[in-house]
Amino acid sequence: MTLNIFATIRARVVAAVATLHPGLAADVLARIQVEPPRDPAHGDMATNAALVCAKPAGLPPRAFAEALAAALAEAPEIAQAGTAGPGFVNFHLRDAVWRGQIPAILAAGEAYGDSTLGERRRVDVEYVSANPTGPMHVGHCRGAVVGDALARLLAKGGWDVTREYYINDAGAQVQALGWAAYWRYLEALGTPLTEEEFSALVPGGLQYRGEYLSPVGVALAELNGDALAPGAMPADPALWLDIVRDFTVAAMMTEIRVDLAALGVEHDVFISEAALIAAGTVTRAMTLLAAKGLIYQGVLEPPKGKTPEDWEPREQTLFRATQFGDDVDRPLRKSDGSNTYFANDIANHADKIERGHQELVHVWGADHGGYVKRMAAAVAALSDGAVKLDVVLCQIVRVMKDGEPVRMSKRAGSYITLRDLIEEVGRDAVRFTMLTRKSDAQMDFDLNAVVEQSRENPVFYVQYAHARARSVLRAAGEPEAAELAEAKLELLVEPSELDLIRKLAAWPRTVEQAALAREPHRVAFYLHDLAAAFHLSWNRGRDDSTLRFIREEEPESTRARLALVAATAVVIRSGLAVMGVDPVEEMR
RNA sequence: GGACCCGUAGCUCAGCUGGAUAGAGCGCUGCCCUCCGAAGGCAGAGGCCGAAGGUUCGAAUCCUUUCGGGUCCGCCA
């Protein structure tokens, strides 16, 4: 049920080539592309068919192109075809073909752009996975939005998507969190100890001193009285650490879920590291790798040029990551015998594969860039190369206010939480703005600019286009679908109108290209272009009143234009839905 | 020392996985409000795509080298 006009026409081109040159191999035909030319003056579409097929066919590219152009000119959708440059075939589609997209859009509604490209392959998209040791801050925000939008994009592209949050609830950091919450609990009980006196009792010293744990301490006191700290004095950790830690992790996850909900970010599954360990998944994964001969005892070379002072050669349990493209083999066990984070994460990936996923996608912060190769190596090893891991790295976001970077210290109170950010500029502005850059490019998030109502703010610009479209439809008395379906679309002859239709028709292709590249930001740029085309059409009516959408004296023309406006609103909504942004009915 | 990411108009960034004369917004210059919304519109100037080689019909895009900026580098996650 593909509505991708480019795919339709490409099929025509491939068929024409196959007819002219029956002997061409399938992999040659596969290289044929049909895309919009960079310069619209060249036509609606262009194909490289002659360039990629001429040599195998034993013809000069120009001769191949001439013959192909002649054949394509016979196709019912194509108005004219010609050759250009080294062997391109450019062609114009009949206006009727373009206009025919409008009823297709109106019939499909927001499902317009849905693709079968993903062939329902099962893909696991893991994103956020913030440690459950505190509230979410803006550093997590970009990955959350990019991951969520990417999941929506892949779903629209025809993949069967699982959205995963991996909870790092095992290991030293959550132990430290338990101690920190215990301190707040002691405080709630009225302990005579000072924070520094308590810190001296904590292995490694007290961490997570932010006040956000105080409510957890109070809750613990209400639930347990002083049972976990008789007389409001520290007791043996064996008595309380597991209880307090689990309680605190649960409380932090509740906070995080609230934040994610406020941002409109959703997950299907929350996978617990501790649960994976308890279920024996780690052991199974290690056994699997060992059976493949990929685990050994060995000593690593020190990193060149930057040897840590306390470096000493040490024999450890290593995974043969170098067999799968990594730079060095990677340790699986710490010196105390417990597993490294990497070992547990291997189990997480084994679990994803066991659950039947054929593709894996991760959204990580750029600080995890050095971790990509080893994880890709592990996935390749676990699946014998059958499953591919794609990692989308998100670079740092710098929050700017009044031209100055907002300081981001880890100390409580002085850093911006995600909730602060949403309250300041609104959910939709946060989401849209986070998608206005390639994720691997650094970004300044300007608090002043994203709430500005002007053309340079893409959030506003796109929303405004939708609001305008809706305003027109309201002014026209909300025409019914059936009425619009009867519109005489051949009355749409203005260049600005046909340009707008071409832009609308590019949406399915945009979805597919963006999904393949795992680049949701392309949707934001597409919507900006579409909004520009719509605003242009609107503004034509300013200079020439006969070009207005609504003209009472011309009901047929009005109806055709309303169909175009309605289709525009539909596609904007379809695009915003991928970004997780709500369309607005009017600007305020 | 090594790995990964980024260098494109004065500024902020796109560039559809190798295509044609490299695009948009801001800023700049000049025009345009009796108007379904001027919180705008139209037109114009502005580029050796960091640099140098290479691959091929063809390179901003792929490879090598190099110069800048960022992230990171054995028992943190």
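It should be emphasised that the depicted structure is a prediction, and the values quoted were computed from it without experimental measurement. Protein chains get the first letters and strands the later ones, always in sequence-line order, with residue 1 at the start of each.
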Rounding to the closest angstrom, what is the interatomic distance between G18(B) and C73(B) at atom C1'? 34 Å

Distance check needed: C57(B) P versus F64(A) CZ, whole Å only. 16 Å

Within the structure, does a side-chain N or O atom of K334(A) lie under 4.0 Å from either OP1 or OP2 of A77(B)? yes

Got a list of protein N/O to nucleotides 11-15 of chain B N/O distances below 3.5 Å?
unit_1	atom_1	unit_2	atom_2	d
U12(B)	O2'	R437(A)	NH2	2.6
C13(B)	OP1	R437(A)	NE	3.2
A14(B)	OP1	K438(A)	N	2.8
G15(B)	OP1	H521(A)	NE2	3.2

Separation of R31(A) atom CZ from G58(B) atom P, in whole Å? 14 Å

Just call it for L300(A): base, sugar-phosphate, or nothing, with non-hydrogen atoms closer than 4.0 Å on any strand. nothing

To the nearest angstrom, how far is N539(A) atom CG from C35(B) atom C1'? 11 Å

Answer for the Watson-Crick or wobble partner of C4(B), both distances under 3.5 Å, is G70(B)

Short question: side chain of D329(A), backbone of T322(A) - any donor-acceptor pair under 3.5 Å? yes

Is any side-chain heavy atom of R509(A) less than 4.5 Å from a side-chain heavy atom of E35(A)? yes

What's the gap between G15(B) and C35(B) when it is taken at their C1' atoms, as a whole Å value? 37 Å

Integer angstrom distance from the C1' of C67(B) to that of C75(B): 37 Å

Between Y464(A) and F460(A), how do the two ring planes meet: parallel, tilted or perpendicular, split at 30° and 60°? parallel

Strictly distance-based, threshold 3.5 Å: is any side-chain N or O of R62(A) a donor or acceptor partner for the main-chain N or O of G85(A)? yes

Say we look at U17(B) and A60(B): how far apart would their P atoms be, to the nearest angstrom? 16 Å

Quick one: is Q513(A) getting a side-chain N or O under 4.0 Å of the U17(B) phosphate, OP1 or OP2? yes

Once you round it to whole Å, what is the distance between C1' of C36(B) and CH2 of W538(A)? 6 Å

Record whether the side chain of R509(A) comes under 3.5 Å of the base of C16(B) through a donor-acceptor pair of N or O atoms. yes

Counting only Watson-Crick pairs (N1-N3 plus N6-O4 or O6-N4) and G-U wobbles (N1-O2, O6-N3), all under 3.5 Å, who is the partner of G25(B)? C11(B)

Using a 6.0 Å cut-off, check whether atom CD of E553(A) has over 12 heavy atoms from anything other than its own residue. yes

Please pick, from C72(B), A77(B), G74(B), the nucleotide with the shortest atom-to-atom distance to any side-chain atom of Q316(A). G74(B)

Map V472(A) and P36(A) onto RNA chain B by nearest heavy atom, then report which one ends up closer to the 5' terminus. P36(A)

Tell me what A517(A) touches on the nucleic acid: a base, only sugar-phosphate, or nothing, going by heavy atoms under 4.0 Å. base

Phosphate oxygens OP1/OP2 of C57(B): is one of them under 4.0 Å from a side-chain N or O of K55(A)? yes

Under 3.5 Å, is there any donor-acceptor pair linking the side chain of D345(A) to the base of A77(B)? no

Could you let me know what A20(B) is paired to, Watson-Crick or G-U wobble, both distances under 3.5 Å, or none if it's on its own? none

Looking at U61(B), which nucleotide sits across from it as a Watson-Crick or G-U wobble partner, both distances under 3.5 angstrom, or is there none? none

Does the ring center of F432(A) lie less than 6.0 Å from the ring center of Y461(A)? no

Is the CZ atom of R31(A) crowded by more than 12 outside heavy atoms at less than 6.0 Å? no

Taking C-beta and beyond as the side chain, do V392(A) and H362(A) meet within less than 4.5 Å on heavy atoms? no

Over all strands shown, is A46(A) touching base, sugar-phosphate only, or nothing at heavy-atom distances under 4.0 angstrom? base

Gap in Å between the two C1' atoms, one belonging to A52(B) and one to U29(B), rounded: 38 Å

P spacing across the pair G69(B) / G53(B), given as an integer number of angstrom: 24 Å

When we call it a touch if two heavy atoms are under 4.0 Å apart, what does E273(A) touch: a base, just sugar-phosphate, or nothing? sugar-phosphate

Per the O4'-C1'-N9-C4 / O4'-C1'-N1-C2 angle with a 90° window around 0, U17(B) comes out syn

Pick the nucleotide of RNA chain B nearest each of V89(A) and A170(A); which residue has the one closer to the 5' end? V89(A)

Heavy atoms from C-beta onward define the side chain here; which of C75(B), C57(B), G41(B) lies closest to that of L536(A)? G41(B)

Distance between the P atoms of G58(B) and U21(B), in whole angstroms? 13 Å

Which part of the nucleic acid, if any, lies within reach of F342(A) when heavy atoms closer than 4.0 Å are counted: base, sugar-phosphate only, or nothing? nothing

Decide yes or no, distance alone: a donor-acceptor N/O pair under 3.5 angstrom between the base of C36(B) and the side-chain of R468(A). no

Charged N to carboxylate O under 4.0 angstrom, R518(A) versus E359(A)? yes

Distance in angstrom units between L547(A) CG and C35(B) C1', rounded: 13 Å

Using a heavy-atom cut-off of under 4.0 Å over every strand shown, decide if P61(A) touches base, sugar-phosphate, or nothing. nothing

Separation between the P atoms of U12(B) and G74(B), rounded to whole Å: 34 Å

Could you tell me the separation between the CG atom of L332(A) and the C1' atom of C76(B), rounded to a whole number of Å? 16 Å

Just to be sure I understand the rule, does S335(A) reach a base, reach only the sugar-phosphate, or reach nothing, if contact means heavy atoms closer than 4.0 Å? base

Does atom CD of E301(A) have more than 12 heavy-atom neighbours, drawn from other residues, nucleotides or ligands, at distances under 6.0 Å? no

Any strand counts, and the cut-off is 3.5 Å on both contacts for Watson-Crick or G-U wobble. Which nucleotide pairs with C31(B)? G41(B)

Whole angstroms only, please: what is the CG-C1' distance between L59(A) and C57(B)? 15 Å

Quickly work out the M375(A) CE to A77(B) P distance and round it to whole Å. 15 Å

Does C49(B) count as syn, meaning its glycosidic angle lies within 90° of 0, or as anti? anti

Whether the side chain of N90(A) engages the backbone of A46(A) through a donor-acceptor N/O pair (distance < 3.5 Å, no angle test) should be reported. no

